[in-house]
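Just so you know, these numbers come straight off a predicted model, no measurement behind them. In what follows, chains carry the letters A, B, and so on, assigned in the order in which the sequence lines appear, proteins first and then strands, with residues in each chain numbered from 1.
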Number of protein chains: 2
Amino acid sequence: MILELQWEALLSRAGCRITEPRRVVMRVLEQAQRPLTPQEILERGKLLHPNLGLVTVYRTLELFESLDLVCLVHREGGCHGYLLSAPGHRHVLMCDSCGRAVEFPGQDDLAQLIDRVQQHTGYAVGDHLLQLFGLCPECQEASGSSVP
Amino acid sequence: MILELQWEALLSRAGCRITEPRRVVMRVLEQAQRPLTPQEILERGKLLHPNLGLVTVYRTLELFESLDLVCLVHREGGCHGYLLSAPGHRHVLMCDSCGRAVEFPGQDDLAQLIDRVQQHTGYAVGDHLLQLFGLCPECQEASGSSVP
DNA sequence: TTCTTAATGATACTTTTTTTCATCAAAAGA
DNA sequence: TCTTTTGATGAAAAAAAGTATCATTAAGAA
């Protein structure tokens, strides 16, 4: 509820309109527990708004990304999906098995590392991309019980 | 030179043949200072071996990746490229301006962070993806002199 | 050298993403 | 209230990216 008001206010403030397709995309992302591809968002969105178009999904994601409402999640294979992102939390931890993703903070730990890298390389580090992969508690249990 | 022997030995050991197209892809990556897309590798490779095929580039990259000879570099926009990778160094630092990329180690710093995240979330963290973005020394100078 | 078979590259095909454009609808102004 | 303006949409088409098939080639062992 609060989240809803937040993103709508953000859009308004940016001079954008609150439209039905945008609400649909946001709702789909809110209900998802893992990163979704544009195609997946379209499929789920059509259930809420049958004549949703794929192009609109792409444009909406682009808009949301520019407002830091969603973040792009990368996987080793190169494929990626969009995940709703809480402000300030740009780090994602994803389950290799079920895809469920959560965010976590971690600015401080990286600050040291970044300092050191800057001194070693001479680069001026600005942004970063950190993602962890592993098994969520549920999938650990499941794999634990299947391999006794 | 040493690198060349290394990867050839690795391929042989894996039961793969050392072919001209593979040498070409490797040479292109060696000469590149930034991550290259399959298309870019094809273009550059054709200069050395005119009838190189795109499919072969994809397959060669897949092979090299499975042997950890190259790594996939992700960018915010989702686009990515392949970079020659020194063994053990899986972290990339890329220049936002010229695309030049270098690798750096950083296992220890992350170990703490990962420990903490594991305790907070209950996830069992296995792999990770860390990339830093910024300006390389050359581009810092260039941007510094243009904005006095 | 010869032989076996992994590897190649041309072609066709599927999937994903971008562009274009006519239409629609929500704000803004008279 | 009624236009006018402009942002937003969705269909269609085009472009780009990636994958599968298969006859041919050539690497490397015998």
Side-chain angles (χ1 to χ4, degrees), chain A residues 7-28 35-67 69-70 72-82, chain B residues 4-5 7-29 35-67 69-70 72-83:
Chain A
W7 75 264
E8 294 195 353
L10 245 161
L11 248 66
S12 293
R13 216 170 304 146
C16 300
R17 296 177 183 169
I18 316 299
T19 66
E20 189 57 18
R22 286 173 181 173
R23 280 204 201 89
V24 167
V25 170
M26 180 53 77
R27 195 159 311 150
V28 166
L36 299 180
T37 65
Q39 283 292 348
E40 290 173 322
I41 294 171
L42 177 69
E43 282 163 28
R44 299 182 183 203
K46 271 182 178 294
L47 301 178
L48 305 171
H49 184 71
N51 60 340
L52 177 66
L54 179 59
V55 183
T56 300
V57 174
Y58 274 99
R59 281 186 294 223
T60 302
L61 289 172
E62 193 177 10
L63 172 64
F64 284 179
E65 201 185 3
S66 74
L67 296 172
L69 288 168
V70 302
L72 203 51
V73 176
H74 302 259
R75 305 192 72 164
E76 307 90 86
C79 89
H80 54 272
Y82 288 85
Chain B
E4 189 171 338
L5 294 177
W7 74 264
E8 295 195 353
L10 245 160
L11 249 65
S12 291
R13 216 171 303 146
C16 301
R17 295 178 183 174
I18 315 300
T19 67
E20 189 56 20
R22 287 174 179 173
R23 281 205 200 90
V24 167
V25 170
M26 181 52 77
R27 193 158 311 148
V28 166
L29 288 171
L36 299 180
T37 65
Q39 284 292 345
E40 289 173 322
I41 294 170
L42 177 69
E43 282 163 30
R44 299 181 185 204
K46 270 182 179 295
L47 301 177
L48 304 172
H49 186 71
N51 61 340
L52 179 66
L54 179 59
V55 183
T56 299
V57 173
Y58 275 100
R59 282 186 293 222
T60 303
L61 289 172
E62 193 178 8
L63 171 65
F64 284 0
E65 202 184 3
S66 74
L67 295 173
L69 288 169
V70 301
L72 205 50
V73 176
H74 302 259
R75 306 192 70 163
E76 306 90 89
C79 87
H80 54 272
Y82 289 84
L83 189 74

Next item on the list: Identify the two heavy atoms, one from A:V57 and one from A:P38, that lie closest to each other, and give their separation to 0.1 Å.
Entry: CG1-O, 3.8 Å
Notebook entry, point to check: Which nucleotide of DNA chain C is the first, and which the last, in the 5' to 3' direction, to come under 4.0 Å of a heavy atom belonging to chain A?
Noted result: C:dT16 to C:dA26
Next item on the list: Sequence neighbours left out, what passes side chain to side chain contact (heavy atoms under 4.5 Å, CB included) with B:I18? Give chain and number order.
Entry: B:W7, B:E8, B:L11, B:S12, B:R23
Note to self: Can you confirm whether A:Y82 sits close enough to A:L72 that some side-chain heavy atom of one is under 4.5 Å from a side-chain heavy atom of the other?
What the structure shows: yes
Item checked: Over 12 foreign heavy atoms within 6.0 Å of CD, B:E62 -> no
Notebook entry, point to check: Can you give one letter per nucleotide of nucleotides 15-27 of chain D, 5' to 3': B if a protein heavy atom sits under 4.0 Å from the base, S if only from the sugar-phosphate, - if neither?
Noted result: --SBBB-----BB
Notebook entry, point to check: Among all residues two or more places apart in sequence or in another chain, which pass the side chain to side chain contact (heavy atoms under 4.5 Å, CB included) test with A:T37?
Noted result: A:Q39, A:E40
Check: Quick one: on DNA chain D, does A:G53 or B:S12 contact a more 5' nucleotide (nearest heavy atom)?
Finding: A:G53
Margin query: Ignoring hydrogens, what is the shortest heavy-atom contact between A:R22 and A:R17? Give both atom names and the distance.
Written below: NH1-O, 2.8 Å
Checklist line | Global bending angle along the helix from C:dT1-D:dA30 to C:dA30-D:dT1, which compares the axes of five pairs at either end, to 10 degrees | finding: 40°
Item checked: Contacts of type side chain to side chain contact (heavy atoms under 4.5 Å, CB included), residue A:T56, not counting sequence neighbours -> A:P21, A:L52, A:R59, A:T60
Note to self: If you apply the rule side chain to side chain contact (heavy atoms under 4.5 Å, CB included), what do you find for B:E65 with B:L67, and how did you get there?
What the structure shows: CA-CA 5 Å; B:E65 202 184 3; B:L67 295 173; over 6 Å; no
Check: Out of A:L36, A:I41, A:L69, A:V70, which residue meets the side-chain contact (heavy atoms from CB on, under 4.5 Å) rule with A:V25?
Finding: A:I41
Margin query: Tell me whether the side-chain N/O atoms of A:H49 come closer than 4.0 Å to OP1 or OP2 in D:dT9.
Written below: no
Note to self: Can you give me the closest heavy-atom contact between A:L42 and A:G53, atom names plus distance?
What the structure shows: CD1-C, 3.7 Å
Check: So, is A:T56 close to the D:dG10 phosphate, meaning a side-chain N or O under 4.0 Å from OP1 or OP2?
Finding: yes
